[in-house]
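Residue numbers count from 1 along this sequence.
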Amino acid sequence: MRKPFVAGNWKMNKTIAEGVTLARALAEGLSKDAKADVAVIPPFLAVPAVAQALKGTPVKVGAQDVFWEAQGAFTGEISAAMLQDAGATFVLCGHSERRHVIGEPDEIVRRKLDAALKAGLDAILCVGEKLDEREAGLTEKRLDIQVRSGLTGLAPSHLSRVTVAYEPVWAIGTGKTATTAQAQEAHLFIRKLVRGMFGAAAADDLRIQYGGSVTAQNAKELMGQPDVDGALVGGASLKPESFLGIIAGA
Ligand code: PEP
């Protein structure tokens, strides 16, 4: 049985002080009976203070991005070891805003995922189709390319530290959520793909989060689907009430 994983991606929101306040409120409000693993993903600068504020709580801290090299002349970039040093235990790789706003191709996402896993960080590999791809019937083709590119050749011990987040680009930050049927269909497709690549046991253990305008109102139904193992949450993770409401739906 896969334990749901609910992670809040703060994106480029929250000062350090605001992040600490939000993290504390979340930890205080988290029920002891919570059925999900819970994490927050602050901007880089808030990671150390938020990790410190959450020490001793079950809430994990991740980072939103990582560079693939360990050190050197890469102005503006942050290595996996630096993230660990700051208190992060996992990192997002290939979030749709990195892919489509910043322009990261699959090859770069793969290098980041590899670097994170080799350094000992866990990773969330984000995948998802754009609206025109869905409308053209290309959803599965896009997911196939992104999942294969992200995971091919990973050692089984590394795969077990990866979560996949299915995030249809048209549903991120738009208020448009995939229907439960659309989410389940895409998640099952990804799981079958991973079964073909790594075998049944690895695919059965893989957690696949849904992301895209998840709210406290729709979380329970989405996470109630057999292949939806939690949520990657943007906007609704910026307030403790709404994020705690989502966690309660797991
Ligand atoms: C996200 O940031 O990955 C996300 C899904 O955002 P939102 O929940 O705001 O759609």
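- Side-chain atoms of Q52 never come within 3.5 Å of backbone atoms of A49 as a donor-acceptor pair (strictly under, hydrogens ignored).
- Applying the salt bridge (Lys or Arg N to Asp or Glu O under 4.0 Å) criterion to K11, with sequence neighbours excluded, gives E97.
- A donor-acceptor distance shorter than 3.5 angstrom exists from the side chain of Q64 to the backbone of I41, with no hydrogens or angles considered.
- Minimum heavy-atom separation, V164 to I190: CG1-CG2, 4.2 Å.
- Listed by chain and residue number, K3, R207 satisfy the salt bridge (Lys or Arg N to Asp or Glu O under 4.0 Å) test with D37 (two or more places apart in sequence, or in another chain).
- Between atom CG of residue N9 and atom CG of residue L92 there is a gap of 5.5 Å, rounded to the nearest 0.5 Å.
- Under the side-chain contact (heavy atoms from CB on, under 4.5 Å) criterion, T139 pairs with E129, R134, L143, Y166, sequence neighbours left out.
- Within the 3.5 Å criterion, the main-chain N or O of A202 finds no donor-acceptor partner in the side chain of D205.
- In the hydrophobic cluster analysis, where Ile, Leu, Val, Met, Phe, Trp and Tyr join through side-chain heavy atoms closer than 4.5 angstrom, V127 is grouped apart from V169.
- Taking E104 as the reference, R98, K112 meet the salt bridge (Lys or Arg N to Asp or Glu O under 4.0 Å) condition, with sequence neighbours excluded.
- Under a 3.5 Å cut-off, the side chain of N218 and the backbone N or O of T215 do form a donor-acceptor pair.
- For the pair Q182 (side chain) and T179 (backbone), a donor-acceptor distance under 3.5 Å is present.
- Looking at heavy atoms from C-beta onward, T89 lies out of side-chain contact with V61 at the 4.5 angstrom threshold.
- The CD1 atom of I172 sits 12.0 Å away from atom NZ of K130, with the distance rounded to the nearest 0.5 Å.
- When side chains are defined from C-beta on, I78 counts as touching L83, because their heavy atoms get closer than 4.5 Å.
- Ion pairing between a basic and an acidic side chain is recognised when a charged N comes within 4.0 Å of a carboxylate O; D114 and R110 show such pairing.
- For residues 52-73, every residue pair satisfying the ring pair (Phe, Tyr, Trp, His ring centres under 6.0 Å) rule, not counting sequence neighbours, is listed here: F67-F74.
- A heavy-atom distance below 4.5 Å is not found between the side chains of L30 and T57.
- A donor-acceptor contact shorter than 3.5 Å is absent between the side chain of T180 and the backbone of E221.
- Linking Ile, Leu, Val, Met, Phe, Trp and Tyr residues whenever their side-chain heavy atoms come within less than 4.5 Å leaves V66 and I108 in two separate clusters.
- Of all the heavy atoms in L54 and A23, the pair that sits closest is CD2-O, 3.5 Å.
- Other members of the cluster containing L131 are W170, with ILVMFWY side chains joined at under 4.5 Å, either directly or via other members.
- The two residues G211 and P168 make their nearest non-hydrogen contact at O-CD, 3.4 Å.
- You'll find the side chain of I124 reaches within 4.5 Å of the side chain of F5, heavy atoms only.
- Distance check: L22 CG to N13 CG gives 10.5 Å after rounding to the nearest 0.5 Å.
- Residues V47 and G62 approach most closely at CG2-O, 4.0 Å, considering heavy atoms.
- Using a 4.5 Å heavy-atom threshold, the side chains of L154 and L113 count as touching.
- For residues 143-154, every residue pair satisfying the side chain to side chain donor-acceptor pair (under 3.5 Å) rule, not counting sequence neighbours, is listed here: D144-R148.
- Looking at residues two or more places apart in sequence or on another chain, you find no salt bridge (Lys or Arg N to Asp or Glu O under 4.0 Å) involving D85.
- Each salt bridge (charged side-chain N to carboxylate O under 4.0 Å, His left out) pair with one or both residues in residues 46-57, not counting sequence neighbours, would appear here, but there are none.
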Atom pairs and distances, donor-acceptor, side-chain atoms in residues 238-250, under 3.5 Å, two or more places apart:
| residue | atom | partner | partner atom | Å |
| --- | --- | --- | --- | --- |
| S242 | OG | A236 | O | 2.8 |
| S242 | OG | K239 | O | 3.2 |

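- Remark: M82 CE to E77 CD distance equals 10.0 Å, nearest 0.5 Å.
- The two residues A183 and Y210 make their nearest non-hydrogen contact at CB-CD1, 4.0 Å.
- At a threshold of 4.5 Å between side-chain heavy atoms, the hydrophobic network of Ile, Leu, Val, Met, Phe, Trp and Tyr places F189 and L151 in one connected group.
- The heavy-atom pair separating G175 from S213 by the smallest distance is N-OG, 2.8 Å.
- Contact annotation: the side chain of S237 never approaches that of V40 to less than 4.5 Å [non-hydrogen atoms, C-beta and beyond].
- M223 and V38 fall within a single hydrophobic cluster, where Ile, Leu, Val, Met, Phe, Trp and Tyr are joined by side-chain heavy atoms under 4.5 Å apart, directly or via other members.
- Identified under the salt bridge (charged side-chain N to carboxylate O under 4.0 Å, His left out) test for residues 158-170, with sequence neighbours left out: D122-R161.
- Residues V6 and Q209 fail the side-chain proximity criterion, which asks for heavy atoms closer than 4.5 Å.
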Return all side-chain donor-acceptor pairs below 3.5 angstrom for residues 226-234, not counting sequence neighbours, or 'none' if the list is empty.
| residue | atom | partner | partner atom | Å |
| --- | --- | --- | --- | --- |
| D227 | OD1 | R191 | NE | 2.5 |
| D227 | OD2 | Q184 | NE2 | 2.7 |
| D229 | OD1 | R2 | NE | 2.9 |
| D229 | OD1 | R2 | NH2 | 3.4 |
| D229 | OD2 | R2 | NE | 3.1 |
| D229 | OD2 | R191 | NH2 | 2.8 |
| D229 | OD2 | I208 | N | 2.9 |

Please evaluate residues H95 and R99 with respect to the criterion side-chain contact (heavy atoms from CB on, under 4.5 Å), reporting the C-alpha separation (whole Å), side-chain torsions for both, the decisive distance (0.1 Å), and the verdict. CA-CA 6 Å; H95 187 276; R99 292 180 187 268; over 6 Å; no

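- Distance CE/M197 to CG/L159: 8.0 Å, rounded to 0.5 Å.
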Verdict with reasoning, L206 to F198, per side-chain contact (heavy atoms from CB on, under 4.5 Å): CA-CA 10 Å; L206 178 74; F198 293 95; over 6 Å; no

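- L188 and V194 end up in different hydrophobic clusters when Ile, Leu, Val, Met, Phe, Trp and Tyr side chains are linked at under 4.5 Å.
- Looking only at distances, a side-chain donor or acceptor of Q84 sits under 3.5 Å from a matching main-chain atom of A119.
- In the displayed structure, K14 atom NZ is contacted under 6.0 Å by more than 12 heavy atoms of other residues, nucleotides or ligands.
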